[in-house]
Amino acid sequence: MIIAIVIGVSCLFWIIAAILFVCAKGVDRRISKSKKDCVEKTTAIVVDVEEVYKRNVDTYNYTWYPAYEFYVNGERVVQKSVIGTGKNSVQTGQQTILYYNPENPHMIYVPAENQTSVSTILKIIGIAFVICGCLAGIIGFVVSKNM
């Protein structure tokens, strides 16, 4: 009975790790596509920072999403970032460099947002779950041998 529970827990850790790695791969793919498609460099101004309140069961936090204004062929483009920050690190009026897709100026890539950190965090957590899955398996094996 204990062996079945330990195997189940170990598998659960491995499944969660696999999901995290798949999500990290998706983030990497999206970043890669943005970098490939967004080839026109421009200077943009932060015109708004949306503060989004998110509440979980027992915790809450804020995420800030900057909106960037820039011009393409004399036309004003305002695009809100899809990457939020955990702290309000940008201010209205701040200038930043961004890249946009000339075929779709609303598709932007902002190097200062450091989007790869999301992927890195997912990978680190995934590795932690792999280690926990291995430890659960080893502990289960040791416990079953001592019974």
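- Distance check, rounded to the nearest 0.5 Å: CD1 of Ile108 to OG of Ser81 gives 6.0 Å.
- Taking SG of Cys38 as the start and CD1 of Ile31 as the end, the distance is 12.0 Å to the nearest 0.5 Å.
- For Lys33, the side-chain hydrogen bond (donor to acceptor under 3.5 Å, both in side chains) partners at least two apart in sequence or on another chain are Asp37.
- Taking both residues in full, the closest heavy atoms of Ala44 and Tyr68 are given as CB-CB, 4.0 Å, listed atom of the first, atom of the second, then distance.
- With rounding to the nearest 0.5 angstrom, the CD atom of Glu69 is 10.5 Å from the CD atom of Gln95.
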I'd like to know whether Ser34 forms a side-chain contact (heavy atoms from CB on, under 4.5 Å) with Tyr99, so could you lay out the CA-CA distance, the side-chain angles of the two residues, the decisive distance to 0.1 Å, and finally the verdict. CA-CA 9 Å; Ser34 290; Tyr99 295 84; over 6 Å; no
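- Screening residues 119-139 for ring pair (Phe, Tyr, Trp, His ring centres under 6.0 Å), with sequence neighbours left out, gives Phe13-Phe129.
- Side-chain contacts under 4.5 Å among hydrophobic residues (ILVMFWY), followed directly or transitively, place Val52 together with Tyr65.
- A donor-acceptor contact shorter than 3.5 Å links the side chain of Ser10 to the backbone of Gly133.
- Applying the side-chain hydrogen bond (donor to acceptor under 3.5 Å, both in side chains) test to pairs two or more places apart or on separate chains, those with a residue in residues 42-51 are Glu50-Lys80.
- By the side-chain contact (heavy atoms from CB on, under 4.5 Å) test, Val39 is found to be paired with Pro102, residues two or more places apart in sequence or in another chain being considered.
- No path of Ile, Leu, Val, Met, Phe, Trp and Tyr side chains, each step under 4.5 Å between heavy atoms, connects Phe21 with Ile124, placing them in separate hydrophobic clusters.
- Under the 4.5 Å side-chain contact rule for hydrophobic residues, Val9 and Ile125 share a cluster.
- Partners of Ala128 under the side-chain contact (heavy atoms from CB on, under 4.5 Å) rule, at least two apart in sequence or in another chain, do not exist in this structure.
- Residues passing the side-chain hydrogen bond (donor to acceptor under 3.5 Å, both in side chains) test with Glu40, sequence neighbours excluded: none.
- For the atom pair CG (Leu12) and CD1 (Ile5), the distance works out to 13.0 Å, reported to the nearest 0.5 Å.
- For the atom pair CZ (Phe70) and NZ (Lys41), the distance works out to 14.5 Å, reported to the nearest 0.5 Å.
- Scored by the side-chain hydrogen bond (donor to acceptor under 3.5 Å, both in side chains) test, Gln94 finds no partners at all (sequence neighbours excluded).
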Working for side-chain contact (heavy atoms from CB on, under 4.5 Å), residues Val77 and His106: CA-CA 7 Å; Val77 178; His106 289 280; 3.7 Å; yes
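- A single hydrophobic cluster is seen to contain both Val46 and Val110, as judged by linkage of ILVMFWY side chains at heavy-atom distances under 4.5 Å, directly or through other members.
- Annotation: side-chain contact (heavy atoms from CB on, under 4.5 Å) contacts of Leu135 (sequence neighbours excluded): Ile131.
- When hydrophobic side chains of Ile, Leu, Val, Met, Phe, Trp and Tyr are connected at separations under 4.5 Å, Ile19 ends up clustered with Ile15.
- The minimum heavy-atom distance linking Val130 with Ala17 is given by the pair CG2-CB, 3.6 Å.
- Among residues at least two apart or in separate chains, salt bridge (Lys or Arg N to Asp or Glu O under 4.0 Å) pairs with a member in residues 123-138 are Asp28-Lys123.
- Residues that satisfy the side-chain hydrogen bond (donor to acceptor under 3.5 Å, both in side chains) test with Tyr100, not counting sequence neighbours, are absent from this structure.
- Atom CG of Asn104 sits in a crowded spot, with more than 12 heavy atoms from other residues, nucleotides or ligands closer than 6.0 Å.
- Taken to the nearest 0.5 Å, the CD1 atom of Ile127 stands 11.0 Å off from the CG atom of Leu122.
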